[in-house]
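Data block below; observations after.
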Amino acid sequence: MPPSLPRLRELPRLRQDFAASLVVFLVALPLCIGVAVASGVPAELGLITGIVGGIVTGLMRGSSLQVSGPAAGLTVLVFEAVRTFGLAALGVIVLLAGLLQILMGLLRWGRWFRAISLSVVEGMLAGIGLVIVAGQLYAAAGLDAPDSGLARLAGLPAALVGALTATANLIPLAVAAGTILVIVGWRHLPPRARAVPGALVAVLLAGLATALLDLPVATVKVGGVLDAVRVPGADAFAGLADVALLGTVLAFALIASAESLFSAAAVDRLHDGPRTEYDRELLAQGVGNTVCGVLGALPMTAVIVRSSANVQAGARTKASRVLHGGWLLLFAALLPATLEYVPLAALAGILVHAGWKLIPFKGLAALWRGHRGEALVLVVTALAIVTVNMFEGVLIGLVLSVAKAAWDASHLRVERTDDGHGPVRVSLSGNVTFLRLPKILDTLEDLPRDRPVELDLSGLQHLDHACRAALETWAERHSAGPDSVRLHGPPEHVPGPSKEDEPARTGS
């Protein structure tokens with residue numbers, strides 16, 4: 001076979017990757033800028049993270065089709081970090097978080113992130129979504145948002161009423177609302193029109209309207225991308241003595257890793273290509289964040305919005321995400337001045353829509369109907385993030401999830417049926433461990449000793465050794481005749497019978 005034929009066979013795949021890269025670039029561009037602005041850092045830093053996520057992380061092995069960059073899910077944490085430690089410390093935090101991710105990848109801890117309760121992750125995203133929506137609604141109206149998430153939510157009604165009555169605030173609010181309407185309505189258009197991302201169209205229309213109508217709306221302030229690079233100096237590393245800064249590093253690493261790996265699992269369900277290698281993907285994310293930290297840019301995660309756009313656009317290999325990083329680099333080098341026409345209110349509208357999509361309204365309703373405990377974990381995690389902060393909110397969710405698992409593991413239901421004449425029937429269902437032994441023995445000791453007892457164990461899922469021994473001891477002490485105790489249930493659940501009543505104890 002001529003050596004040129006295999007290359008010819010690759011041409012359709014390369015064409016698909018090339019087309020997909022343009023779609024992902026158009027999706028990523030407004031999000032990179034919007035996430036940077038919402039995080040309280042220069043817009044150029046969002047572009048730098050997008051470039052690194054495409055070219056550096058995109059070249060590495062892990063998940064072949066998911067795309068990395070600055071994510072809305074980390075805006076709250078970045079904003080708090082910049083406000084607390086300063087912009088100069090951001091590079092150090094991201095650098096150390098990246099190195100921690102590399103270490104976790106080398107130790108093959110990536111697979112363990114799949115053990116995190118899905119309710120905690122969804123609650124984390126829901127809490128982030130609530131904080132983003134609340135904060136960006138203030139930004140859309142040209143108002144300063146309160147510091148705490150709870151204060152933002154509580155002050156929203158008064159802020160919106162005030163914005164509707166003041167022309168200076170009403171115009172940017174209208175631009176943001178129009179941006180959201182375009183994004184929501186765009187997905188109802190024919191497929192050919194949807195080939196261009198709705199967020200990009202909304203930003204272009206908002207910028208065009210602002211320029212033509214000379215609207216009094218603040219726009220993005222842009223400098224050179226190279227000028228925005230802030231390599232951490234020795235003074236920035238001096239803050240490592242602060243325990244709070246190290247806690248922020250841990251929060252960055254854990255949350256970015258969890259979001260990336262859960263995104264990888266979601267992307268795997270969208271295509272039939274190679275599955276994600278979780279440890280390698282964690283390593284790739286760590287390398288990307290390390291580079292972002294050296295450049296003083298925003299942290300990155302895998303982003304489900306760009307990744308799903310990449311898959312839906314027909315991408316076949318990692319070439320599409322690498323090319324999308326190249327397009328971002330060309331844009332940042334050749335056309336950065338065009339960003340100055342983008343209204344901040346339009347970016348706020350994009351982030352309000354993105355934050356709203358992070359809140360799983362339908363999923364929560366279905367979870368409540370089938371698994372109320374999991375729904376409670378989700379809601380508590382989200383509310384904790386809103387009322388406290390990101391890191392402590394996630395920790396609260398994890399603790400509650402572990403407590404729920406312990407409760408489920410030891411949950412026991414005891415039912416007693418007594419008609420006053422025949423045998424007393426006691427049914428045990430659930431998981432029987434030594435933690436529930438006092439409840440079982442209290443019920444059994446309270447039974448009448450002059451009547452037969454039927455102990456139904458068929459509903460048990462687990463019976464540990466301590467409870468098995470206790471049931472044997474109780475059955476031997478119950479002295480109402482040789483047939484006084486009958487045990488019903490699977491053989492592995494039924495305690496070993498004594499010789500005198502073996503036929504009765506084999507169960508039914």
So which heavy atom on [X] is nearest to which on [Y], and how close?
X: E259; Y: A71; result: OE2-CB, 3.9 Å
X: P343; Y: V217; result: CB-CG1, 3.8 Å
X: T49; Y: L298; result: OG1-O, 2.8 Å
X: L100; Y: A253; result: CD2-CB, 3.6 Å
X: S119; Y: L367; result: OG-CD2, 4.0 Å
X: L400; Y: L376; result: CD2-O, 4.3 Å

L347 and I33: CA distance, side-chain angles, deciding distance, side chain to side chain contact (heavy atoms under 4.5 Å, CB included) verdict: CA-CA 8 Å; L347 297 179; I33 303 165; 3.6 Å; yes

Taking [X] for its side chain and [Y] for its backbone only, find out whether a donor-acceptor pair lies under 3.5 Å.
X: S401; Y: G397; value: no
X: R306; Y: V27; value: no
X: T301; Y: V303; value: no
X: T338; Y: L335; value: yes
X: Y138; Y: R152; value: yes
X: K318; Y: L59; value: yes
X: H271; Y: G273; value: yes
X: Q66; Y: A264; value: yes

Indicate whether any N or O donor in one side chain lies under 3.5 Å from an N or O acceptor in the other, for [X] and [Y].
X: Q285; Y: S68; result: yes
X: E340; Y: T219; result: no
X: S21; Y: S320; result: no
X: T276; Y: E281; result: no

List the residues meeting salt bridge (Lys or Arg N to Asp or Glu O under 4.0 Å) with E277, not counting sequence neighbours, and say none if there are none.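 Once residues adjacent in sequence are excluded, the partners of E277 under the salt bridge (Lys or Arg N to Asp or Glu O under 4.0 Å) criterion are R61, R280.
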
Check salt bridge (Lys or Arg N to Asp or Glu O under 4.0 Å) between D279 and all other residues, then give those that pass, not counting sequence neighbours.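 For D279, the residues satisfying salt bridge (Lys or Arg N to Asp or Glu O under 4.0 Å) (neighbours in sequence not counted) are R108, R111.
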
Worked check of side chain to side chain contact (heavy atoms under 4.5 Å, CB included) between I102 and L106: CA-CA 6 Å; I102 291 175; L106 293 175; 4.0 Å; yes

Within a strict 4.5 Å, meaning less than it, do heavy atoms of the [X] and [Y] side chains meet?
X: F252; Y: V78; answer: yes
X: I51; Y: I55; answer: yes
X: V24; Y: R321; answer: no
X: W109; Y: L103; answer: no
X: V287; Y: T57; answer: no
X: I180; Y: I183; answer: no
X: L295; Y: V94; answer: no
X: N310; Y: V23; answer: no

For F85, look at atom CZ and say whether over 12 heavy atoms of other residues, nucleotides or ligands are found less than 6.0 Å away.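 Yes, because the 6.0 Å sphere around CZ of F85 holds more than 12 heavy atoms from other groups.
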
Assess whether side chain to side chain contact (heavy atoms under 4.5 Å, CB included) is satisfied between R230 and L45, documenting all intermediate values. CA-CA 9 Å; R230 291 178 173 84; L45 295 184; 4.3 Å; yes

As an exercise, state the distance from [atom1] of [X] to [atom2] of [Y], rounded to the nearest 0.5 Å.
X: L245; Y: I93; atom1: CG; atom2: CD1; answer: 4.5 Å
X: D268; Y: S64; atom1: CG; atom2: OG; answer: 8.0 Å
X: D17; Y: H324; atom1: CG; atom2: NE2; answer: 13.5 Å
X: T75; Y: I132; atom1: OG1; atom2: CD1; answer: 3.5 Å
X: L282; Y: Q101; atom1: CG; atom2: CD; answer: 5.5 Å
X: L240; Y: L96; atom1: CG; atom2: CG; answer: 5.5 Å

Option from L328, V67, L200, L323 for which side chain to side chain contact (heavy atoms under 4.5 Å, CB included) with F25 holds: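 It is L328; the other options fail the test.
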
Measure up the F18 and W327 rings against each other and bin them: parallel (under 30°), tilted (30 to 60°), perpendicular (over 60°).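 Rings of F18 and W327: perpendicular, as their planes differ by over 60°.
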
Run the side chain to side chain contact (heavy atoms under 4.5 Å, CB included) check on F237 and L95 step by step: do they pass? CA-CA 11 Å; F237 285 93; L95 171 61; 3.8 Å; yes

